Amino acid sequence: MTDLTELTAVQLVDGYRKGVFSPVEATRAALERAERIQPEVNAFVRLTGEEALDRARRSEERWRRGEPCGRLDGVPVTVKDILLTRGQPTLRGSRAVSPDGPWDEDAPSVARLREHGAVFLGKTTTPEFGWKGVTDSPLSGITRNPHDPTRTAGGSSGGAAAAVALGAGPLALGTDGGGSVRIPASFCGVFGLKPTYGRVPLYPASAFGTLAHVGPITRDAADAALLLDVIGVPDARDWSALGPAPGSYTEALAGGVRGLRVAYSPSLGGQVAVRPAVATGVRRAVQRLADLGAYVAEVDPDFTDPVEAFHTLWFSGAARVVQHLRAGQRELLDPGLREIVGAGSRYSALDYLAAVDVRMELGRRMGRFHEEYDLLVTPTLPITAFEAGAESPKGSGHRRWTGWTPFTYPFNLTQQPAASVPAGTDGDGLPVGVQLVAARHRDDLVLRAAHALYGAGPG
């Protein structure tokens, strides 16, 4: 018998259309899996089983009549507890947020899922206000890695990635301000896409400004393309959202990589120390691209680590997030968050604008880089998952999460599309991720290349 928790969204929709199985069966299977994994992995803030089954029954009736209401009708999905979801508290990983309503509005991406008939299983965990690259919070505790519960799932969309990896819904909405979709995707062995900034509208606006993206975490690139087709449409509440996409991302998957110009940067010009097992997995993925007909050259982008500029923007955003809290409420915050809030509150407007200057120059350099190369390929992270409950690996010398994520946050600064694709495992069976980056607005190229890697088989 088919294990419905192992199917992709594309496969589920195909099965509903053919009458092989139903949305109720798929939803029950996903909820049972979610309940089973929750005690050990802690991927969910809350599960909404009765609501999910009610939506699944209505979807099943629509499919029975041959009248599905959208492209994801009856597909189980999860939503990171950063994004507003009508009828459910959105606590953002914080004890300082009151659960009292009204919770009467959907974020744009959630609204599009609802319109397309998706079934909401529940809200997934996040660190407090999504501030760091691992997922633990004073509100919900530690989210653990599905491959080894003693390790972190990554973050800040750690609950979303763990849920997808373990079969608790094939689709998840995450957010990414410095790697928060790609980091947990890499650590958990699933696919994660940070689209071009503005491709997926965001409301309410993030205090982290135009660093913050909404993106899919899925089983594969085909599911991500389907999800992006649904959520990547304009919404009047986001003044910075892009116009309609130039075409279907699902239809663009078939283009392949033959003839694409690929720059492979194993360490950003020696700036990053990458673990040998990670380097090996990424090199194999690059070789698969070459075998599929891409022109590959080992080339580094022309930039130095922009971490100080990123810190100025990120820490300032954190200070803004909690600015409205009273002193007693601030005592409830994650201690690490309180530290960066303190740093962010000391920056001046001139400091902030200087960081914007660094950002604009980085964007210019990457824009010129992509005149010559269609894709940049790097490791997603230089390491695999480390001990759960820590912001950085013990003994690494890194105080903040940005110390071990040097491949991800630069492309939040530049707003480029970037994805993490599974690239095998290390000697401990922990997943390795390869990052694919394209010029702004070329999400189709990232998805095409990722889809080609999936089609070529495991690394």
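Everything numeric here is computed off the predicted structure, so don't read it as measured data. We count residues from 1, following the sequence as given.
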Run through Thr125, Thr152, Thr135 and flag the one making a side-chain hydrogen bond (donor to acceptor under 3.5 Å, both in side chains) with Thr143. Thr125
For the atom pair CG (Leu83) and OG (Ser109), what is the distance rounded to the nearest 0.5 Å? 4.5 Å
Is any NZ, NE, NH1 or NH2 atom of the basic residue among Arg112 and Asp235 found under 4.0 Å from an Asp or Glu carboxylate oxygen of the other? yes
Specify the closest pair of heavy atoms between His370 and Arg261, including all atoms of both residues, with the distance to one decimal. O-NH2, 4.3 Å
Sidechain-backbone polar pair: Ser186 side chain, Gly433 backbone, donor-acceptor under 3.5 Å: yes
Evaluate whether atom CZ of Arg330 has more than 12 neighbouring non-hydrogen atoms of other residues, nucleotides or ligands under 6.0 angstrom away. yes
Is it the case that more than 12 heavy atoms not belonging to Glu251 sit under 6.0 Å from its CD atom? no
Would you compute the distance between atom CZ of Phe303 and atom CZ of Arg365 and round it to the nearest 0.5 angstrom? 10.0 Å
Let me see the working for Gln415 and Leu211 under side-chain contact (heavy atoms from CB on, under 4.5 Å), right down to the final yes or no. CA-CA 7 Å; Gln415 304 187 340; Leu211 294 172; over 6 Å; no
Between Asp104 (side chain only) and Arg86 (backbone N and O only), is there a donor and an acceptor less than 3.5 Å apart? no
Is a donor from one side chain sitting under 3.5 angstrom from an acceptor on the other, for Thr414 and Tyr197? no
Is it true that atom CZ of Arg399 has more than 12 heavy atoms of other residues, nucleotides or ligands lying nearer than 6.0 Å? no
Using a 3.5 Å distance criterion without hydrogens, assess whether the side chain of Gln416 forms a donor-acceptor pair with backbone atoms of Ala438. yes
Check whether the side chains of Asp106 and Tyr203 place a donor and an acceptor atom closer than 3.5 Å, and report yes or no. no
Heavy atoms from other residues, nucleotides or ligands near CZ of Arg46 exceed 12 (cutoff 6.0 Å): yes
Rounded to the nearest 0.5 Å, how far does CG of Asp305 lie from CG of Leu362? 10.0 Å
Student check: side-chain heavy atoms of Leu447 and Leu228 closer than 4.5 Å: yes
Is it the case that the ring center of Tyr347 lies less than 6.0 angstrom away from the ring center of Tyr352? no
Take Asp136 and Asp334 through the test side-chain contact (heavy atoms from CB on, under 4.5 Å) and record every step on the way to the result. CA-CA 9 Å; Asp136 57 74; Asp334 181 328; 4.2 Å; yes
Is the shortest side-chain heavy-atom distance between Leu445 and Leu375 below 4.5 Å? yes
Ignoring hydrogens and geometry beyond distance, is a side-chain donor-acceptor pair present between Lys123 and Thr90 at under 3.5 Å? yes
Side chains of Pro201 and Arg237, heavy atoms from C-beta outward: is any pair under 4.5 Å? no
Side-chain contact test, heavy atoms from C-beta onward, threshold under 4.5 Å: evaluate it for Val262 versus Tyr373 and give yes or no. no
Mind telling me whether Tyr454 and Phe191 have parallel, tilted or perpendicular rings, with 30° and 60° as the class edges? perpendicular
Keeping the roles fixed (side chain from Thr280, backbone from Pro276), state whether a donor-acceptor pair exists under 3.5 Å. yes
Euclidean distance, Leu332 CG relative to Arg338 CZ, rounded to 0.5 Å: 9.0 Å
List the steps, then state whether salt bridge (Lys or Arg N to Asp or Glu O under 4.0 Å) holds for Asp302 with Arg368. CA-CA 10 Å; Asp302 178 26; Arg368 296 299 298 269; over 6 Å; no
Pair Glu115 + Arg71: basic N to acidic O under 4.0 Å: no
For Glu128 and Ser94, which I'm curious about, is there any donor-acceptor pair between the side chains at under 3.5 Å? yes
What distance separates Thr48 OG1 from Phe120 CZ, expressed to the nearest 0.5 Å? 9.0 Å
Kindly indicate, with the supporting measurements, whether the criterion side-chain contact (heavy atoms from CB on, under 4.5 Å) is fulfilled by Val356 and Met360. CA-CA 6 Å; Val356 171; Met360 290 190 291; 4.0 Å; yes
Verify the ring-centre separation between Trp404 and Phe386: is it less than 6.0 angstrom? yes
Would you say the side chains of Ser157 and Lys80 form a donor-acceptor pair under 3.5 Å? yes
Compare every heavy atom of Phe44 with every heavy atom of Ala163, then report the nearest pair and how far apart it is. CB-CZ, 4.0 Å
Whether Glu361 side chain and Val358 backbone form a donor-acceptor pair below 3.5 Å: no
For Tyr249 and Arg199: C-alpha separation, side-chain torsions, deciding distance, then whether side-chain hydrogen bond (donor to acceptor under 3.5 Å, both in side chains) applies. CA-CA 12 Å; Tyr249 294 108; Arg199 172 48 54 213; 3.3 Å; yes
What is the minimum heavy-atom distance between Arg219 and Val164, and which atoms define it? NE-O, 3.2 Å
Identify whether the distance between the nearest side-chain nitrogen and carboxylate oxygen of Asp148 and Arg144 falls below 4.0 Å. no
Could you label the plane-to-plane angle of the Phe310 and Trp401 rings as parallel, tilted or perpendicular, counting under 30° as parallel and over 60° as perpendicular? perpendicular
Supply the atom-to-atom distance His311 NE2 to Trp314 CH2, rounded to the nearest 0.5 angstrom. 10.5 Å
Working note: Leu381 + Val278, criterion side-chain contact (heavy atoms from CB on, under 4.5 Å); need CA distance, chi angles, decisive distance, verdict. CA-CA 8 Å; Leu381 299 166; Val278 173; over 6 Å; no
Regarding Ser420 and Gln435, do their side chains bring together a donor and an acceptor under 3.5 Å, going by distance alone? no
Side chains of Leu325 and Leu333: does their closest heavy-atom pair fall under 4.5 Å? yes
Okay, side chain of Ser396, backbone of Pro393: is any donor-acceptor separation there less than 3.5 Å? yes
Would one find more than 12 heavy atoms of other residues, nucleotides or ligands at under 6.0 Å from atom CD of Gln287? yes
Val75 vs Pro170 side-chain heavy atoms within contact, under 4.5 Å: yes
Heavy-atom side-chain proximity of Thr402 to Tyr409 below 4.5 angstrom: yes
Can you name the nearest heavy-atom pair linking Val437 to Val446, along with the distance? C-CG2, 4.2 Å
Of all heavy-atom pairs linking Pro184 and Gly154, the shortest is CB-C, 4.0 Å
Quick one: does Asp81's side chain have a donor or acceptor within less than 3.5 Å of a partner on Thr124's backbone? no
Looking only at non-hydrogen atoms, find the nearest pair between Leu413 and Arg359 and report the distance. O-NE, 2.5 Å
May I ask you to decide whether Asp426 forms a salt bridge with Arg275, counting only side-chain N to carboxylate O separations under 4.0 Å? no
Compute whether any side-chain donor of one residue and acceptor of the other, for Thr175 and His213, lie under 3.5 angstrom apart. no
Is any side-chain heavy atom of Phe369 closer than 4.5 Å to a side-chain heavy atom of Asp300? no
Partner of Arg182 under side-chain hydrogen bond (donor to acceptor under 3.5 Å, both in side chains), chosen from Asp176, Thr405, Thr380: Asp176
Without hydrogens or angle criteria, can the side chains of Thr312 and Asp351 be said to hold a donor-acceptor pair below 3.5 Å? no
